[in-house]
Amino acid sequence: MKKLSRAAAVVALSTGALFTAGQSANASIFYDNNDYGGATYGADNSTWMGSFDNKASSVKNFGYYVTWWQDINYGGAGFGSSNDYSAMGWYVPFLGTWNDNISSFHRG
């Protein structure tokens with residue numbers, strides 16, 4: 001029983017270390033759904049989000065300051081923040097909703 005518990009702890013710690021390393025590799029991870037659910041897209045910078053273009057509904061920035069834009073190649077209206085947002089539709093009312101409206105972003 002002791003060996004099994006020790007093995008489970010090693011697997012849990014290894015998995016946690018890999019997950020943390022994956023998070024820090026990207027400045028932002030965008031999620032297809034509110035509350036960080038669904039498909040994801042992560043990177044430090046992106047001039048065009050490809051198949052994830054205009055699909056982000058929530059985002060985690062992991063403390064990095066990230067600016068995102070409504071158009072490709074950092075064009076159109078932009079907004080920067082280091083906060084995480086569980087529902088992009090509730091933020092930045094003076095620019096409109098950011099839900100499903102991000103095409104490019106840049107860290108820093």
Side-chain angles (χ1 to χ4, degrees):
M1 185 69 164
K2 214 176 212 186
K3 287 182 182 180
L4 181 58
S5 297
R6 187 175 292 164
V10 169
V11 169
L13 289 173
S14 298
T15 304
L18 288 174
F19 185 69
T20 302
Q23 287 178 339
S24 63
N26 298 306
S28 294
I29 296 180
F30 295 88
Y31 298 82
D32 193 26
N33 300 326
N34 287 341
D35 298 318
Y36 316 113
T40 61
Y41 178 91
D44 281 342
N45 307 302
S46 182
T47 59
W48 178 58
M49 294 172 69
S51 64
F52 215 78
D53 186 32
N54 294 317
K55 290 187 178 179
S57 294
S58 55
V59 63
K60 289 190 178 186
N61 289 323
F62 304 103
Y64 293 110
Y65 187 87
V66 178
T67 303
W68 53 85
W69 287 270
Q70 291 178 332
D71 298 330
I72 65 169
N73 297 318
Y74 315 126
F79 175 76
S81 177
S82 58
N83 295 329
D84 296 339
Y85 295 96
S86 63
M88 299 296 289
W90 299 347
Y91 299 97
V92 197
F94 59 93
L95 291 175
T97 181
W98 283 94
N99 186 57
D100 297 338
N101 206 11
I102 298 172
S103 294
S104 57
F105 64 96
H106 188 274
R107 176 174 116 181

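At least one side-chain heavy atom of F62 sits less than 4.5 Å from a side-chain heavy atom of I29. Contact of the Y31 side chain with the K60 side chain is registered, since non-hydrogen atoms from C-beta on lie closer than 4.5 Å. Here the side chains of M49 and W68 are not in contact, with every heavy-atom distance at 4.5 Å or above.
The shortest non-hydrogen separation linking Y64 to N26 is CE1-O, 3.9 Å. The shortest non-hydrogen separation linking S86 to S58 is O-CB, 3.3 Å. Scanning all heavy atoms of the two residues, the minimum distance from M88 to T97 falls at O-OG1, 4.0 Å. Heavy atoms only, all atoms of each residue included: D44 and A27 are closest at OD1-N, 2.8 Å.
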Q: Evaluate the criterion side-chain contact (heavy atoms from CB on, under 4.5 Å) for residue pair N101 and N54; output intermediate values, then yes/no.
A: CA-CA 4 Å; N101 206 11; N54 294 317; 4.0 Å; yes
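Taking the ring pair (Phe, Tyr, Trp, His ring centres under 6.0 Å) definition, one finds that Y74 meets it with W69, H106, sequence neighbours left out. By the side-chain contact (heavy atoms from CB on, under 4.5 Å) test, S28 is found to be paired with F30, V59, N61, V66, F105, residues two or more places apart in sequence or in another chain being considered. In this view, D100 and S57 satisfy the side-chain contact (heavy atoms from CB on, under 4.5 Å) rule, not counting sequence neighbours. With sequence neighbours left out, the side-chain hydrogen bond (donor to acceptor under 3.5 Å, both in side chains) criterion links S46 to Y41. In this view, N33 satisfies the side-chain contact (heavy atoms from CB on, under 4.5 Å) rule with no residue, not counting sequence neighbours.
No side-chain donor-acceptor contact under 3.5 Å links D71 and S103.
Taking hydrophobic clusters as Ile, Leu, Val, Met, Phe, Trp and Tyr residues chained together by side-chain heavy-atom distances below 4.5 Å, F79 shares a cluster with F52.
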